[in-house]
Amino acid sequence: MQKGKIGVSSDNLFPIIKKFLYSDHDIFLREIVSNAVDATQKLKTLAGRGETKASVEDAKVRVSLDEEKKTITVSDNGIGMTADEIEKYINQIAFSGANEFLEKYENDANAIIGHFGLGFYSSFMVSDKVEIVTKSHQEGATAVKWSCDGSPEYSIEEADRDGEGTDIIMYVNEDSKEFLNKERISEILNRYCKFLPVPVVFGKQTEWKDGQQVETEEDNQINETNPAWTKAPVDLKEEDYASFYRKLYPMGDDPLFNIHLNVDYPFNLTGILYFPKLKNSIEVQKNKIQLYSNQVFVTDSVEGIVPEFLTLLHGVIDSPDIPLNVSRSYLQSDSNVKKISSHITKKVADRLNQLFKDNREDFEKKWDDLKIFIEYGMLTDEKFAERAMNFFLFKNTDGKYFTFEEYENLIKENQTNKDNNLVYLYTSNMDEQYTFVQTAKDKGYDVLVMDNVLATPLLNKFEQQYSDKRFVRVDSDVVENLIQKEEETESLSWEEKEELSPIFQAVCPETNGVNYIVDFKNMGEKGQPIVITRNEFMRRMKDMGQLQGGMSMYGDLPDSLNLVVNTAHPLVQKVLEAKENKMGEEFTTIKDELAEKKQERQELEKAKEGKKEEEVPAADKEKLEDLSKTIAELEQQKRAKLTDFGKQNKLTKQLVDLALLANGMLKGEALDQFVRRSVELIK
Ligand code: ADP
Ligand code: MG
């Protein structure tokens, strides 16, 4: 027997392995099994070149568990190692700059393992002792046994082994007992080894016999050696893609469609990505893509490796060129990763474009399930946004779909305003904004449906991109103002409006957190007498505030609603008439006096004009001050009278309630009173 010391510059490797590689202990199995797979593949390569006499039939990796001896053994019939090769590949470990590196990546077992080629040594994370029994494929080679108990010393001696290949025997330590469990091993193999290219077997298949599960003679193979993504697209039918999807996500809904990635220049990348049916939210759906390196599972959190919006996709990406065993921050700056990332983005956009062109009808059918993905992509990836302009679809309230360009042509003529801006009208809720949608359509306008969480940021983006386009929600103003075509004509005098304002203000509901502002507009005799609108700017700021979650002050602002009174409506005229009839002498006196005082004040001010402050007589100054006070008092009285009138006048209340009702804002007691009042008025 020969003894030696493992060639590491650091004093003792094993405490470091144990200390720093504490997370993800289960990857030891991935490392040992993939070494076994490598060894079998190497032998196959040699056989292919006629450089070995060893048999490559029935290549297999076998994982076995001995609960009594507390060992896990991984055996292969691959290339094997000579004593010299053990010396070279196992004993000499390059370990330069170890401490510095370990400090940097102390929580990232993958990084450490990859950096040092510690694949094999990761077995010491879970073992007190590890043995290698191996026999090289070379003719006349003798089997050797290497043994190491976790100190830097190892021993090596001659051994017996039938045929070429290697057994790695791990004597599981006390802290890692969890791995001496069949279910646990199955679970790990299933996670990391499900698609390895060489059969991996663990235990025997079972069957039901006489009312119980019994083992059969058949090996239980845990992997599929030729998963769909390793095949050529021409060899796969739709059904194959569908069944592979079900293998990956047994619980998932059927996907909409897929993309088969197959790149060999300037990097190697294969994979199949699926477009899932996305519901209306983004967060819950991320992290479904699985990343493989030569069919070895690496991770299913691919953020930083693919653009964020692509993390909404499902499926598999396999690339030996992604430096999988380094830290995330390194990954994000890696130029290969960037190239891969933009390549995938391009492929995804190309595929969507092709689907759109080949079968638009089908694409439209899938649009509602797809749009959140595309919109998210457009918002987060400029390159994708550019490409997506070809197949991004608008949907209008009639359920028709248009590309950006088609829609522009549709509305160009009718929806260009006086400033030469193209105005896009949209609704975020067809039911709630029904009256507005209808009014806009009656006017010959087209209305888009933009009803998901990304609508507001998306149309902000469009407006930034195209300075001559405006997006306006149908309820943000009365229809006459949505698309202003010319300067407006007015049918009420300033004084009449001034008097109507407190009358209507008096009957606006006093709800917490909502401000009503009375405004006037000639909406024609046939228009509604009163329309309630919601300021577009304020509303969008609130929407964005909510998306950003509490960070923005706009989120907390009260709702500000406009109560727009139609100055041309006969019923509004009727309110004016009722006011005239009802107000009587006292009101006229106030108004007359007010007019008189205002006249006086005007004269005084005129006299003041051109004089310096010290030239104005003190008496005049005093008089002016008194006058202003009286005027303010009279205004107050006048306003109070109008408010009183508004409160008592049933028609005023009725008109405001009707507008509230049209917006679904009349509820509870107010609704009950409205119904009673209506009955009374009809009677
Ligand atoms: P890597 O796999 O990255 O080379 P490892 O630490 O996992 O690093 O393995 C070190 C080396 O030990 C391998 O490159 C290989 O030469 C040898 N080796 C490990 N396991 C086996 C095996 N089962 N059969 C043959 N050689 C092996
Ligand atoms: Mg390895």
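When reading the values below, keep in mind they use all heavy atoms of this one structure, side chains included, and skip hydrogens, waters and symmetry mates. Starting from 1, each residue takes its place in the sequence as its number. Read the numbers this way: they start at 1 and go in the same order the structure lists the ligands and their atoms.
By the ring pair (Phe, Tyr, Trp, His ring centres under 6.0 Å) test, Phe297 pairs with Tyr192, Tyr292, sequence neighbours left out. Residues passing the ring pair (Phe, Tyr, Trp, His ring centres under 6.0 Å) test with Phe356, sequence neighbours excluded: Phe363.
Heavy-atom proximity to Phe120, at under 4.0 Å, picks out these atoms of ligand 1: 5 (P), 6 (O), 7 (O). Ligand 1 places these atoms under 4.0 Å from at least one heavy atom of Ala39: 22 (C), 24 (N), 25 (C).
Where the criterion is an N or O separation shorter than 3.5 Å, residue side chain and backbone included, Tyr121 fails it with respect to ligand 1. Taking distance alone, with nitrogen or oxygen atoms compared against 3.5 Å, Ile90 stays at or beyond that limit from ligand 1. Taking any N or O of Asp38, backbone or side chain, none lies under 3.5 Å from an N or O belonging to ligand 1.
Sorted by first and then second residue, the side-chain hydrogen bond (donor to acceptor under 3.5 Å, both in side chains) pairs involving residues 234-251 (not counting sequence neighbours) are Glu224-Lys247, Tyr241-His260, Tyr245-His314.
Donor-acceptor pairing under 3.5 Å is recorded for the side chains of Asn452 and Glu375. The closest side-chain donor-acceptor pair between Tyr376 and Glu308 falls under 3.5 angstrom.
Inspection of the environment of the Mg ion (ligand 2) yields the following protein N, O or S atoms under 2.8 Å: Asn35 OD1.
Trp229 and Phe195 have perpendicular rings, their planes meeting at more than 60° on a 0 to 90° scale where under 30° would count as parallel. The aromatic rings of Trp146 and Tyr154 lie parallel to each other, their planes meeting at an angle below 30°, with 60° marking the opposite boundary.
Contacts between Met81 and ligand 1 below 4.0 angstrom, taking non-hydrogen atoms only, involve the side chain exclusively. Contact annotation: for Asp76 versus ligand 1, heavy atoms closer than 4.0 Å belong to the side chain alone. Contacts with ligand 1 closer than 4.0 Å are made by no heavy atom of Thr134, backbone or side chain.
No salt bridge links Asp76 with Arg62; every basic N to acidic carboxylate O contact stays at or beyond 4.0 Å. Using a 4.0 Å cut-off between a side-chain N of Lys or Arg and a carboxylate O of Asp or Glu, Glu215 and Lys209 do not qualify as a salt bridge.
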Exercise for the section: Under the side chain to side chain contact (heavy atoms under 4.5 Å, CB included) rule, what do Phe28 and Val33 come out as? Steps first, then yes or no, please. Expected result: CA-CA 9 Å; Phe28 80 92; Val33 171; over 6 Å; no
